[in-house]
> 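Sending over a structure as structure tokens; questions will come in a sec.
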Amino acid sequence: MPEHDQPASASNLAKDLSQAHARGEAPWLYLASQSPRRRQLLDQLGVRHALLLADADEDAESLEAERAGESPEDYVQRVTQAKWRAAIERLQARAFRDPEAWPMGPILCADTTVALGDTILAKPSDEADAERMLRALSGQTHRVLTAVCVHGQLRLSTSHVQWRVLDEAEITRYVASREPFGKAGAYAIQGRSGAWTRHIDGSYSGIMGLPLFETAELLKPLGWAF
């Protein structure tokens, strides 16, 4: 296990999560995501985790490429499963090289996308792209889809978010804050855009990037108790 966030008795837990739970040891998992929000949400659940990030030579961005005619729901689930398979291969390779540092264990992957109708709004490529997305979402109700995969099992969370109309000055200020970058739909619900949100029907944590209800349901069979 990497030095950061190293769980106690990691090797024993990785070999048999159920036995570790019976001994009173909290189970743990790998999080294959750079998102600080997903780390925060796992901490909120009390789920111990260590990062399993892509190597420098991995083309992780290519996994998020869209396919013609693919619905937002199919897209986010396919991408999440692809990320999980890539993470499994990554862990197996690292465990082969250094089994003490990288014991085998469950892996959590997730992906979030914003959809306006059938149009996928991914992470903005630049300022103009972020402005375009925010104008499209202004005054509309959009969907936020987050898929989460653990141990090969996948769940999908769908939320509907209604925004008030934005003026150009608000869009310009928000893009200048740099908050839209690296985020699907060019916004973070927990940030300044919360002031624009009239109504949410769904999962706030799912909109942030990790739906806690679906995540907990996936983790319970692996020894977690909530």
Side-chain angles (χ1 to χ4, degrees), residues 1-54 76-77 79-81 83-88 90-92 94-95 99-113 144-159 161 179 182-184 188-191 193-194 197 200-226:
M1 176 63 58
E3 291 182 1
H4 53 272
D5 296 327
Q6 180 173 354
S9 307
S11 297
N12 289 334
L13 290 168
K15 290 176 182 177
D16 194 331
L17 285 169
S18 61
Q19 288 184 10
H21 185 66
R23 293 194 300 268
E25 297 174 354
W28 61 276
L29 55 75
Y30 288 106
L31 173 63
S33 172
Q34 297 185 34
S35 168
R37 294 167 298 282
R38 292 189 179 120
R39 300 205 71 188
Q40 173 189 343
L41 290 164
L42 284 178
D43 287 340
Q44 183 176 326
L45 282 182
V47 174
R48 297 200 296 172
H49 55 279
L51 295 181
L52 179 64
L53 302 181
V76 73
Q77 292 178 88
V79 170
T80 301
Q81 290 175 323
K83 287 182 176 182
W84 185 81
R85 288 192 294 269
I88 285 286
R90 184 183 313 138
L91 178 58
Q92 289 173 339
R94 293 179 186 180
E100 290 297 321
W102 296 96
M104 296 302 295
I107 300 170
L108 184 150
C109 287
D111 190 71
T112 300
T113 195
V144 180
L145 310 163
T146 297
V148 56
C149 185
V150 180
H151 207 55
Q153 301 299 308
L154 186 140
R155 295 287 186 95
L156 176 65
S157 168
T158 301
S159 300
V161 181
E179 189 172 276
K183 301 173 180 67
I189 190 67
Q190 72 277 12
S193 66
T197 304
I200 292 173
D201 181 8
S203 168
Y204 185 83
S205 59
I207 300 168
M208 284 181 65
L210 188 68
L212 294 185
F213 176 81
E214 286 79 2
T215 299
E217 291 298 298
L218 288 171
L219 293 179
K220 286 177 184 176
L222 298 180
W224 277 266
F226 301 102

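None of the values given here were measured: they were computed from a predicted structure.
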> Does a side-chain heavy-atom distance below 4.5 Å link D43 with H49?
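Result yes, sub-4.5 Å side-chain heavy-atom pair found.
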> Once you round to the nearest 0.5 Å, how far does OG1 of T80 lie from CZ of R85?
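It comes to 10.5 Å.
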> For residues L42 and T215, report the shortest heavy-atom separation together with the two atoms involved.
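For L42 and T215, the tightest heavy-atom pair comes out as CD2-CG2, 4.4 Å.
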> If you take all heavy atoms of W28 and W224, which pair is closest and at what distance?
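The pair with the smallest heavy-atom distance is O-CH2, 3.3 Å.
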> Can a donor-acceptor pair be found, under 3.5 Å and without considering hydrogens, that links the side chain of T113 to the backbone of V76?
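A pair under 3.5 Å: no.
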> State, to 0.1 Å, how close L222 and P106 come at their nearest heavy-atom pair, and which atoms those are.
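The answer is CD1-CB, 4.2 Å.
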> Short question: side chain of S157, backbone of P211 - any donor-acceptor pair under 3.5 Å?
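Judged by distance alone, no pair lies under 3.5 Å.
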> Which value, rounded to the nearest 0.5 Å, describes the distance between C109 atom SG and L52 atom CG?
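With rounding to 0.5 Å, SG (C109) is 7.5 Å from CG (L52).
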> CZ of F226: more than 12 outside heavy atoms within 6.0 angstrom?
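Above 12, so yes.
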> So does S203 get a backbone contact from the side chain of S159, meaning a donor-acceptor N/O pair under 3.5 Å?
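Yes, the answer is positive, given that a donor and an acceptor are paired below the 3.5 Å cut-off.
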> Supply the atom-to-atom distance H151 NE2 to I88 CD1, rounded to the nearest 0.5 angstrom.
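Rounded to the nearest 0.5 Å, the NE2-CD1 separation comes to 8.5 Å.
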> What is the distance from atom CZ of R90 to atom OH of Y30, rounded to the nearest 0.5 Å?
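Going from the CZ atom of R90 to the OH atom of Y30 covers 12.0 Å.
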> Any idea which heavy atoms bring W102 and A95 closest together, and the distance?
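Closest heavy-atom pair between W102 and A95: O-CB, 3.2 Å.
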> Kindly compute the distance separating CG (L108) from CG (L219), expressed to the nearest 0.5 Å.
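These two atoms lie 6.5 Å from each other.
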> For a quick check under 3.5 Å, do T112 and R38 share a side-chain donor-acceptor pair by atom type?
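Short answer, yes.
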> Of all the heavy-atom pairs spanning A32 and I107, show the shortest one and how long it is.
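In terms of heavy atoms, the two residues are closest at CB-CG2, 4.1 Å.
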> With distance as the sole test, does S193 use its side chain to make a donor-acceptor pair with the main-chain N or O of A188 at under 3.5 Å?
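Side chain of S193 to backbone of A188: a pair is present.
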> Between I189 and I200, is any pair of side-chain heavy atoms under 4.5 Å apart?
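The answer is yes, as the side chains (C-beta and beyond) meet within the 4.5 Å cut-off.
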> Enter the distance from K183:NZ to Q190:CD here, rounded to the nearest 0.5 Å.
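With rounding to 0.5 Å, NZ (K183) is 7.0 Å from CD (Q190).
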